[in-house]
Amino acid sequence: MPKISKGQSVLDRLRAARAETDKLIGIVRKEFLYERPIPERHRIIFYIGHLEAFDWNMLQGPLALNNFQEHFDQLFAFGIDPIEGELPTDSSVQWPSLNCVHIYREQVREALDSALELTVQGEASPLIEFLLNIAIEHRLMHAETLAYMFHQMPAEQKRSAVMHPEDHSNYRFVPEKIYVPEGPVSLGLSPDSPDFGWDNEFGIQLSMVPHFTIDKYKVTNQQFRHFIEAGGYEDESLWTVTDWQWRTVHGISHPVYWMQRGNDWAWRSMFGEIPLPDHWPVYVSHAEASAYARWIGGSLPSEAQWHRAAYATRDGKEREYPWGDDQPMEPDEDVFDPWPVYKCPQAPSAWGVEGMMANGWEWTSSLFEPFPGFHSFDFYTGYSRPFFDGKHFVLKGGSVRTAGRMLRRTFRNWFQPHYQYAYSGFRCVYENVWGH
C-alpha cells in the first residue's frame, strides 16, 4: 500500500476538501439545486449526497461502523460517467428533499470524524490513510466537475460574485511551434512506488518518442473562430464517421461555452456572459479538437508526446512538473475562467512549451488504456477498468479548478470524445514541421 506524504493531517485535508465543495455548492441558489445543467450528468442534488455516500461506503467497513441510512448509501452511489443512450430518466420530485440530504451529510461526517479522530491518533494505519486520500481526491475531482456544471447555468440561478476580468490586452499574440527532439519517456508509477496514485497510474510504460513539433500555446478562441468561419463544422472530411454523426444529429456548430450574439460571439463565464476573449484557450470536445487539428494540418498529441513535451529535458531526465520540481500553486477558489494562453502563471517546460498545467486540460489522441501490470483497487474496482472500452481518451494537464495534488506527472483524466463541458482544450503536433 503506497504511503502518503506527511504534513497537514489527512483528516484536516479531508475537512478542507469538504469546505471547498460546500462553498462551491453554495454558489447555486437553493431553489435551483435540483436542476440538471448538463444532460449527461445527474441533477445537482445527487452530488450533494454522493460526496458523503462515497466516503461512507468506502470507510464504513474498515472503521467498523453501523449503517444508518442504507437507502441513501445506495441512492447516492450511482455511477456518474456520461454514457450516451443510458442517461438518467429521473424527475426532480424523485429525489429526497434538500433538508433530508443535508441531515444525511451531517450524520455521515459526524460518524466518520468521530471514528477517524480515534483511528488517526498517533498515526493512522496505511489502509485508512490511503482510503482517506482516495476520499480527498474523489471530492476534489467532483469540485471541478461541479464548477463546469455550474458554468452552464444561467447567471440568475447563482449568487453573484466577482467575475474574472475580460481579456482586454492589446498584446499581439503570435502562435508559435516548438521542436521536440527524439527521446525517451516513462509513463506511470512503479507498482512499489511510495507515491500516491489511482490504479490507472501504476505500471511503467517506457517508449522512445520520435521527434515532433508542437504548438507552443494551447489553441485559442480566436484560432478556433477561424476554423468555424472557414466552414470547419460543415466539412465532413474533417470528422470521423462517428464524430460527424454526433455533430449532425445534435446540431453541434460551435463550442458549448460560446453563444452567438448577432454577428459576434460571447463567452459563457461563471457569473455572466462576456465578449469572446480571443486569447483564452478554447474549450471543446475531443471530436471538435480533432477536426480542427486535421483542418490545420496537424493532429492531437499522443499521451507519450504530450508527456515528453511537458516533462522531458535536454539531458534525458524528466521533471516532476513542466517547470521543475517545485510544487504547483493551488487554484484560486474565486477564479473559474482561464488565463490568456501567453499569461499562464505556471512556467514553461524545458523546451519552452507554455501553459501545460492549470489552464485547461488537454486532449490527447491516446485511448484510455491500462499500463503494463494494471491491477484494480480491491475497494474500488469500478474506478478505471470499465472505461478501458476504446471509447474514452486521455487528457493531461489540469485546469484553473484542478487541485494542486492532481497536477502530478502521472495523473490521467479521461472523457468520451463528444463531451463538450469539461475545462478541456488542446494543442496540435506536426510530424515534419520545425518550430522556431
Side-chain angles (χ1 to χ4, degrees), residues 11 13-63 65-83 86-116 131-153 157-159 333 377 379-383 386 401 403 421-422:
L11 184 52
R13 286 191 282 117
L14 176 61
R15 288 169 173 156
R18 288 173 181 165
E20 180 174 339
T21 51
D22 288 352
K23 180 178 180 179
L24 189 60
I25 292 168
I27 289 175
V28 180
R29 298 183 183 278
K30 287 186 177 180
E31 60 268 34
F32 298 108
L33 288 173
Y34 287 79
E35 296 296 309
R36 179 186 281 154
I38 297 176
E40 294 91 342
R41 294 287 188 183
H42 286 298
R43 297 180 184 276
I44 299 169
I45 188 67
F46 165 81
Y47 298 93
I48 300 174
H50 173 69
L51 293 170
E52 310 311 324
F54 180 90
D55 294 354
W56 177 262
N57 290 334
M58 184 173 60
L59 288 162
Q60 176 255 333
L63 292 173
L65 297 172
N66 295 322
N67 286 318
F68 56 86
Q69 284 268 32
E70 292 187 57
H71 171 65
F72 278 12
D73 298 345
Q74 181 180 4
L75 175 68
F76 293 118
F78 288 165
I80 56 161
D81 189 67
I83 301 175
E86 298 182 18
L87 307 182
T89 57
D90 69 282
S91 66
S92 59
V93 298
Q94 292 177 300
W95 291 96
S97 71
L98 181 62
N99 184 57
C100 288
V101 177
H102 280 171
I103 291 173
Y104 173 72
R105 179 186 66 184
E106 297 311 312
Q107 288 176 327
V108 166
R109 290 182 182 181
E110 182 179 356
L112 288 179
D113 286 7
S114 295
L116 288 167
L131 294 180
L132 283 172
N133 276 273
I134 290 288
I136 292 166
E137 291 214 359
H138 171 265
R139 185 175 289 268
L140 294 176
M141 287 180 203
H142 275 302
E144 182 166 350
T145 301
L146 289 168
Y148 70 67
M149 283 175 59
F150 298 167
H151 231 116
Q152 303 305 314
M153 301 178 73
Q157 295 182 356
K158 293 169 280 191
R159 294 179 173 83
E333 62 183 15
F377 289 156
F379 55 86
Y380 197 178
T381 57
Y383 179 71
R401 302 300 304 176
Y421 304 99

[X] side, atom [atom1]; [Y] side, atom [atom2] - distance, nearest 0.5 Å:
| X | Y | atom1 | atom2 | answer |
| --- | --- | --- | --- | --- |
| E35 | Q152 | CD | CD | 13.5 Å |
| E31 | L98 | CD | CG | 11.0 Å |
| R15 | I136 | CZ | CD1 | 11.0 Å |
| F32 | K158 | CZ | NZ | 11.0 Å |
| F150 | I38 | CZ | CD1 | 10.0 Å |

Closest approach of [X] to [Y] (non-hydrogen atoms, all atoms of both residues):
| X | Y | value |
| --- | --- | --- |
| L65 | A115 | CD2-CB, 4.0 Å |
| F68 | A111 | CE2-CB, 4.4 Å |
| T21 | R18 | OG1-O, 3.0 Å |
| W56 | L112 | CE3-CD2, 3.8 Å |
| R139 | D55 | NH2-OD2, 3.1 Å |
| P96 | F76 | CG-CZ, 4.0 Å |

Just do the side-chain contact (heavy atoms from CB on, under 4.5 Å) check on E40 and Y421 with the steps written out, would you? CA-CA 10 Å; E40 294 91 342; Y421 304 99; 3.4 Å; yes

Short question: side chain of [X], backbone of [Y] - any donor-acceptor pair under 3.5 Å?
| X | Y | result |
| --- | --- | --- |
| D73 | N57 | no |
| R36 | I44 | no |
| R159 | G26 | yes |
| R401 | E144 | no |

Validation row: [X], [Y] side chains within 4.5 angstrom (heavy atoms):
| X | Y | value |
| --- | --- | --- |
| I27 | M153 | no |
| Q60 | N67 | yes |
| E333 | L24 | no |
| M58 | Y380 | no |
| V28 | M149 | no |
| W95 | C100 | no |
| I134 | F379 | yes |
| H138 | H50 | yes |

Do other residues, nucleotides or ligands put more than 12 heavy atoms under 6.0 Å from the CD atom of E110?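 Incorrect, the count does not exceed 12.
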
Starting from the C-alpha separation in whole Å, work towards a yes-or-no answer on side-chain contact (heavy atoms from CB on, under 4.5 Å) for L51 and R105. CA-CA 9 Å; L51 293 170; R105 179 186 66 184; over 6 Å; no

Run the numbers on R41 and T145 for side-chain contact (heavy atoms from CB on, under 4.5 Å), then give the verdict. CA-CA 10 Å; R41 294 287 188 183; T145 301; 4.2 Å; yes

